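Side-chain atoms are counted along with the backbone in the values below, which use heavy atoms only and exclude waters and symmetry mates. Below, chains carry the letters A, B, ... as their sequence lines are ordered, and counting in each starts from 1. Since the structure is predicted, the reported quantities are computational estimates derived from the model, not experimental observations.
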Amino acid sequence: MSKLKIYNTLTNKKEEFKPINPNHITMYVCGPTVYDFAHVGNARPVVVFDTLARLLRHDYRKLTYARNITDIDDKIIEAAAGGDIAEITNKYTRHYEEDMAALNAEMPDITPKATEYVEDMITLISDLIEKGHAYEADDHVLFQVSTMKDYGELSGRTVEDLLAGARVDVASYKKEAPDFVLWKPSTADQPGWDSPWGRGRPGWHTECSAMIEKNFGNTIDIHGGGLDLIFPHHENEIAQSKCSHGGAALANHWMHNGYLTVDGEKMSKSLGNYVTVHELLEEFPRLGEAIRMCLLTAHYRQPVDFSRDGILQANKQLGKWYKLTEGIEATKPASEVLESLRNDLNTPKAIMELHQLSKDENRKGELLASARMLGLLEREFSNPGSVGINLAHTDIIALVSERAEAKNKGKLAESKEERIKHFARADEIRADLAMLGIKLHDKPDGTTDWE
RNA sequence: GGUGCGGUGGCGGAGAGGCUACGCAGCGGAUUGCAAAUCCGUGUACACCGGUUCAAAUCCGGUCCGCACCUCCA
């Protein structure tokens with residue numbers, strides 16, 4: 001068995017994964033801000049890191065996987081429009097968990113909520129002020145980026161560049177342009193918490209640092225998220241944690257998934273080119289698994305282009321595999337699949353190996369176990385098959401048997417005319433049923449299946 | 001402008017110095033009254049120009065093109 005290799009954004013290299021404690025792996029992935037439905041792009045990290053979690057659970061004794069819920073944020077306040085933000089956040093947290101479950105993503109071990117960590121964030125912020133890395137100004141608390149020598153190690157930026165490339169509108173309370181908010185004041189009608197700096201709420205980056213410290217300590221094995229979080233979000237998390245922890249690394253391995261694209265462009269809210277998982281599941285009921293497979297057909301660091309055609313193609317392939325593994329007991333994941341995954345989570349290669357396994361009569365148990373390693377073929381029973389709306393079950397059976405009779409007569413017919421007549425009737429029935437979405441399959445033994 | 005990631009057969013998509021995946025579609029065949037399914041066979045592609053090498057899609061230099069981050073974003 002070869003060792004797990006992971007591409008590390010910190011070094012821009014593929015490295016051997018070296019756990020802090022091989023008996024207990026720690027992983028933290030940035031989760032959603034719950035103010036709206038998640039789109040398919042938001043689902044990509046969920047599926048990617050769920051797959052990694054499955055591998056880690058297979059290869060190591062124990063994994064604790066955390067994914068946060070950001071349930072305090074200006075967008076949420078906006079969405080609540082003066083109402084109780086908990087209504088919004090509860091609603092969308094529930095939708096998020098349902099939609100991700102439809103993609104066969106297991107729940108992480110812990111899903112900390114920002115609002116439950118406000119005290120810890122206040123402690124962290126106070127510590128940063130004490131250590132001279134943060135300052136209070138105008139009811140805000142800001143992190144002073146220039147106090148950290150190695151700021152920018154993840155994104156390849158330098159403090160000098162950031163100071164030089166000052167944005168057009170630098171907030172008046174900032175000492176320097178790159179400084180970022182750790183705490184901000186709340187007005188009377190905005191949700192807020194009491195703090196040494198008045199009633200207010202935490203800045204976005206603060207929660208992750210606080211949550212990681214409380215649940216895992218100074219340093220975790222893997223920190224993950226989308227490519228767009230590298231800067232500023234993860235960079236600022238690193239700044240907060242390192243400066244508070246005397247320079248200890250926040251995470252040893254930083255992993256970032258690429259984007260889901262639409263016609264080559266990033267799927268995003270601001271571009272308006274997004275489809276929510278919720279909508280998609282309504283459009284393709286029960287195809288969550290096919291959506292998952294689509295997300296895994298490309299390597300996680302590469303872009304993957306979203307298409308409905310891709311979902312249907314994946315579904316077709318899954319159908320074949322389901323059929324092939326009907327009644328088969330899952331055994332052990334194939335080493336080929338495991339090896340592919342251990343090589344920086346090469347899911348496209350793993351899927352290729354699945355195809356190979358499906359060709360081997362003797363490895364169906366492995367095929368099933370391997371597919372499940374990827375979160376696929378988890379359904380226990382095959383589709384019961386829905387019945388057409390306009391036709392009762394008995395009507396279909398009647399038509400199928402009428403066709404069988406016509407077919408039979410056609411085969412036995414003496415004259416050419418007779419034969420054509422009967423076959424024409426048989427084909428007519430096939431066409432009629434096809435229009436209702438019912439497909440007929442003649443089997444070699446003379447019987448006919450329909451679905 | 002800075003930084004990063006890419007450009008592989010009709011499409012999707014691995015590989016990363018020699019053995020040129022895989023899937024879908026296509027084509028040919030078997031089977032079939034028709035259809036589907038299935039099976040067999042079938043594809044020498046790596047943006048461009050130089051260089052290194054016995055050997056480059058893979059390494060080096062340059063060119064062109066695309067995307068992304070630098071502002072909330074998975």
Fill in the blank from the handout: Note: A/Arg67 and A/Tyr65 closest approach over all heavy atoms is NH1-OH, 4.0 Å
Practice task
Calculate the interatomic distance between A/Arg425 atom CZ and B/A35 atom P; express it in whole Å.
Solution key: 19 Å
Handout entry: Length of the line joining A/Ile311:CD1 and B/C24:C1', which is rounded to integer Å
Key = 16 Å
Practice task
Please determine if A/Arg308 forms a cation-pi arrangement with A/Phe284, meaning its NZ or CZ atom is less than 6.0 Å from the six-membered ring centre and no more than 45° off the ring axis.
Solution key: no
Handout entry: Atom P, compared across B/U3 and B/U52: separation rounded to whole Å
Key = 29 Å
Exercise for the section: Compute the centroid of each ring, for A/Trp183 and then for A/His140, and state whether the two points are separated by less than 6.0 Å. Expected result: no
Exercise for the section: Quick one: label A/Gly224 by what it contacts on the DNA or RNA (base, sugar-phosphate, nothing), any heavy atom closer than 4.0 Å. Expected result: nothing
Practice task
State whether the number of non-hydrogen atoms from other residues, nucleotides or ligands found under 6.0 Å of A/Asp263 atom CG is greater than 12.
Solution key: no
Problem - Among B/G33, B/C24, B/A74, the one nearest A/Gln313 by side-chain distance - result: B/C24
Practice task
Give a yes/no on whether any side-chain N or O of A/Lys316 is located under 4.0 angstrom from OP1 or OP2 of B/A25.
Solution key: yes
Completion exercise
The nucleotide from B/G33, B/C24, B/A74 with an atom nearest the side chain of A/Asn42 is B/A74
Exercise for the section: Can you tell me, in whole Å, how much space there is between the P of B/A47 and that of B/G15? Expected result: 15 Å
Practice task
Report which part of the nucleic acid A/Gly264 touches: base, sugar-phosphate, or nothing (heavy-atom distance under 4.0 Å, all strands).
Solution key: sugar-phosphate
Handout entry: Inter-nucleotide P distance (B/C54, B/C64), Å rounded
Key = 32 Å
Handout entry: Closest to the A/Phe231 side chain, choosing from B/G23, B/C69, B/G2
Key = B/C69
Set out, line by line, the N/O atom pairs under 3.5 Å between protein and nucleotides 26-31 of chain B.
none

Exercise for the section: Would you indicate what A/Leu229 reaches in the nucleic acid, counting non-hydrogen atoms under 4.0 angstrom: base, sugar-phosphate, or nothing? Expected result: sugar-phosphate
Practice task
Determine whether more than 12 heavy atoms belonging to other residues, nucleotides or ligands lie under 6.0 Å from atom NZ of A/Lys421.
Solution key: no
Practice task
Using a 4.0 Å heavy-atom cut-off across all strands, classify A/Ser155 as base, sugar-phosphate, or nothing.
Solution key: sugar-phosphate
Handout entry: OP1 or OP2 of B/A21 under 4.0 Å from side-chain N/O of A/Lys359
Key = no
Polar-atom pairs under 3.5 Å, protein N or O versus N or O of nucleotides 9-19 of chain B: list them with distances, or write none.
residue: B/A14; atom: OP1; partner: A/His299; partner atom: N; Å: 2.7
residue: B/A14; atom: O3'; partner: A/Asn346; partner atom: ND2; Å: 3.0
residue: B/G15; atom: OP1; partner: A/Asn346; partner atom: ND2; Å: 2.8

Handout entry: Rounded C1' spacing from B/G13 to B/C46 in Å
Key = 13 Å
Exercise for the section: Assign A/Arg403 to base, sugar-phosphate, or nothing according to its heavy-atom contacts below 4.0 angstrom with the strands shown. Expected result: base
Exercise for the section: Describe the nucleic acid contact of A/Lys409 in one word from base, sugar-phosphate, nothing, applying a heavy-atom distance below 4.0 Å. Expected result: nothing
Handout entry: B/C24 versus B/C39 - spacing of their P atoms, nearest Å
Key = 10 Å
Problem - A/His253 ring center near A/His223 ring center (under 6.0 Å) - result: no
Handout entry: Dot-bracket notation for RNA chain B, counting Watson-Crick and G-U pairs under 3.5 Å, with | for partners on another strand
Key = (((((((..(((.....[...))).(((((.......)))))....(((((..]....))))))))))))....
Completion exercise
Rounded to whole Å, CZ of A/Arg292 lies from P of B/A74 at a distance of 19 Å
Exercise for the section: For a side-chain hydrogen bond (donor to acceptor under 3.5 Å, both in side chains) with A/Tyr300, tell me which candidate from A/Asn257, A/Asp344, A/Thr347 qualifies. Expected result: A/Asp344
Handout entry: Presence of A/Lys269 side-chain N/O under 4.0 Å of B/A74 phosphate oxygens OP1/OP2
Key = no
Handout entry: Closest to side chain of A/Phe423, choosing from B/G33, B/A74, B/C34
Key = B/G33
Problem - Salt bridge A/Glu405-A/Lys409, side-chain N to carboxylate O under 4.0 Å - result: yes
Problem - P-based separation of B/U53 from B/G2 [nearest Å] - result: 33 Å
Problem - Within 45° cone of A/Phe231 ring axis and under 6.0 Å: A/Arg157 NZ or CZ - result: yes
Fill in the blank from the handout: Rounded to the nearest 0.5 angstrom, the OH-CD1 distance for A/Tyr28 and A/Ile110 is 9.0 Å
Practice task
Answer yes if the side chains of A/Thr261 and A/Asp305 hold a donor-acceptor pair under 3.5 Å, and no otherwise.
Solution key: yes
Practice task
Answer yes or no: does atom CZ of A/Arg363 have more than 12 heavy-atom neighbours from other residues, nucleotides or ligands under 6.0 Å?
Solution key: yes
Practice task
For A/Leu354, answer base if it contacts any base atom (sugar-phosphate contacts may also be present), sugar-phosphate if it contacts only those atoms, and nothing otherwise; contact means non-hydrogen atoms under 4.0 Å.
Solution key: nothing
Practice task
Considering only atom P, compute the distance from B/G1 to B/A21 and round it to an integer number of Å.
Solution key: 40 Å
Problem - Separation between the C1' atoms of B/G51 and B/G12, rounded to whole Å - result: 34 Å
